[in-house]
Amino acid sequence: MSTPPNIIFIMADDHASKAISAYGYGINHTPNIDRLAHEGMRLNHCYVTNSICTPSRAAILTGTYNHVNCVTTLRTPINNQLPNVAKHLQNNGYQTAIIGKWHLGEGKDHEPTGFDYWSVLPGQGDYFDPHFIEMGTEKEIKGYATNIITEKSLEWLGSRDLSKPFFLMCHHKAPHREWEPDPKYRNMFNEDVQVPDTFDDDYKNRAKAAAAAKMRIKDDITYSDLGLVQPEGGSEIGERATLKSNRRKIPNPTELSNFKLIDKHTGEAFTFNSPDELHHFKYQRYIKRYLATIASIDDSVGSILQFLDDNNLADNTIVIYTSDQGFFLGEHGWFDKRFIYEESFQMPFLIRYPDGIKPGQVCEDICCNVDFAPTFLDYAGVVIPTYMQGDSLRPLFESRTPEDWPQIAYHRYWMHKDPDHNAYAHYGIRNQRYKLIYWYNEGFDLPGTNEGGEDQEWELFDCQEDPMELFNLYHDPEYKLVVEEMTQLLNQKMLSIGDRIEH
Ligand code: CA
């Protein structure tokens, strides 16, 4: 029998596929991450079950949906007595480690289990001089988080037991908000990044949730997020905290003429001649900081691939690069995630395994993050336990996708109207052509609308004809049959995974 493959699972936090050059959008250059695509496979339709950090991580670790693992929100830590993929691998001869972001809770009931070695950031962690909880002991480490996580990963790989296969989860904090780049990359983008076509979206023809969300770069991003401070006594135009009651406020010319922002690192001052100029400036600050944090992750992937090359481990090691979900990079005017809309729903996923996956392939099949754990076990030769709800992706990676592969992804978001983002709870499905979304609007209380869940809304998008998801077709008589078919698929999916149908 051949030696089971090693598995290195590299996961970033909030890294949209659009910000990986292998996905072809051209807004940044990630040569090391791209190597995985060129030397392996790129997935174009990998989706998250719940587009926020903590639930996605629980789904990945356990191979179950969030109503089953009970990690439905950012405030529901994992019960670490549950079985997880690391425990199964550990019990079957693998040495296991997790380094970096955990975000599934702290203390003896929630800290990592199933790992021979763990060193994780408490909560979200810090970009500079972060604290780590290492096997239960907290300590501060000087430096930049991405580089420290890389060094720790390389140290663990270098000191591992050579007689065993290994499973390493290397989880970066970047490019999570507040997007603090390594100082050496702060000014790496001289040219402006192209503004997305939907940046000025008016949210017409959509459910109310889109207009209600407080995720707009224009109105809701803070200057602190952008590495900016205001001079003492200066006007506070646009800072989210000041706009709670009047968040659509457009600064008037007098306000703008007295308004100034200061770069917190360099002291450079910025002034603005028009609201548009201020909005454009915010977008550029946001996207450049976001992309600059990714430059350090790309370096990290390069170092790990170099280690595998130097130690003759590349052929028999599966290397995956993904993110806990996608992210809005100005599409619909937004930053952040949470929604089943494509930009935050889609996860980047690249995999290289020279012994088992042919180079330069692209997979168009639909899969999701509950499939990851069964996939690891399949490659490790471990029986996939029946409690896991996902399917091994190995047949897809070996270009033998079964005829009856589901080609459907399910998403559910529970944190209805969380105070920071005001994103509405919803669930829905996407298949190869359409996306159906149900907004149950529980406690819906925008002025002029009904109270108490009587104003549920549905959306149907044609993913092929309307990839930007700008036209809700749910009430279009021409799509009556499609609505019926998609509703049936949604019901079947919810029944099969045991989630409660609310519609
Ligand atoms: Ca995240």
Side-chain angles (χ1 to χ4, degrees), residues 9-20 23 33 46-62 65-66 69 71-78 98-106 110 112 120-127 130 145-146 149 169-181 213-215 217 220-221 225 286-287 289-294 296-297 300-301 320-331 334-350 368-370 372 409 411-415 418 420-421 423:
F9 180 79
I10 305 170
M11 184 159 71
D13 191 343
D14 298 357
H15 191 170
S17 54
K18 191 173 169 182
I20 293 175
Y23 276 89
I33 298 172
C46 184
Y47 295 103
V48 66
T49 56
N50 183 351
S51 185
I52 39 175
C53 302
T54 308
S56 174
R57 288 157 198 271
I60 289 167
L61 209 57
T62 63
Y65 288 88
N66 297 132
N69 60 47
V71 184
T72 50
T73 73
L74 297 173
R75 294 186 288 273
T76 48
I78 199 163
I98 182 165
I99 295 165
K101 187 161 176 183
W102 169 247
H103 207 198
L104 283 164
E106 287 153 36
H110 311 299
V120 297
L121 299 165
Q124 295 283 7
D126 293 318
Y127 272 110
T146 305
I149 291 165
M169 301 187 97
C170 171
H171 289 186
H172 289 293
K173 169 187 171 54
H176 193 277
R177 193 179 187 175
E178 302 179 337
W179 315 296
E180 278 291 348
K214 290 183 185 173
M215 309 189 328
I217 293 166
D220 302 313
I221 214 164
D225 284 335
Y286 160 58
I287 194 71
R289 283 164 64 83
Y290 176 92
L291 295 176
T293 67
I294 290 168
S296 296
I297 300 182
S300 173
V301 172
I320 289 166
Y321 185 84
T322 187
S323 165
D324 59 348
Q325 11 62 214
F327 212 67
F328 293 101
L329 303 182
E331 301 91 351
W334 291 329
F335 65 100
D336 215 71
K337 54 237 181 184
R338 292 159 201 275
F339 285 149
I340 188 175
Y341 298 133
E342 201 71 2
E343 292 82 1
S344 53
F345 188 27
Q346 189 204 349
M347 307 168 81
F349 193 102
L350 308 170
C368 79
N369 58 346
V370 294
F372 298 178
H411 181 274
R412 183 165 190 167
Y413 174 75
W414 274 266
M415 293 184 76
D418 72 289
D420 286 337
H421 305 87

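Numbers here are sequence positions counted from 1. One-based numbering, in listed order, for ligands and for the atoms of each. Not measured: the values here are computed from a predicted model.
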Between Tyr321 and Phe349, is the ring centre distance below 6.0 Å? no
If the cut-off is 3.0 Å, does any N/O/S atom of Gln325 fall short of it from the Ca ion (ligand 1)? yes
Lys173 to Tyr127, cation-pi by 6.0 Å centre distance and 45° axis angle: yes
When you measure from the side chain of Thr49 to the backbone N and O of His411, does any donor-acceptor pair fall under 3.5 Å? no
Taking the six-membered ring for Trp, are Tyr47 and Phe345 ring centroids under 6.0 Å apart? yes
By atom name, which N, O or S atom of Asp324 is the nearest to the Ca ion (ligand 1)? OD2
Any N/O/S atom of His176 sitting less than 3.0 Å from the Ca ion (ligand 1), backbone or side chain? no
Looking at the Ca ion (ligand 1), which N/O/S atom of Asp14 is the nearest one? OD1
Treating Ser323 as the side-chain partner and His15 as the backbone partner, does any N or O pair qualify as donor plus acceptor under 3.5 Å? yes
Shortest-distance N, O or S atom of Asp13 relative to the Ca ion (ligand 1): OD1
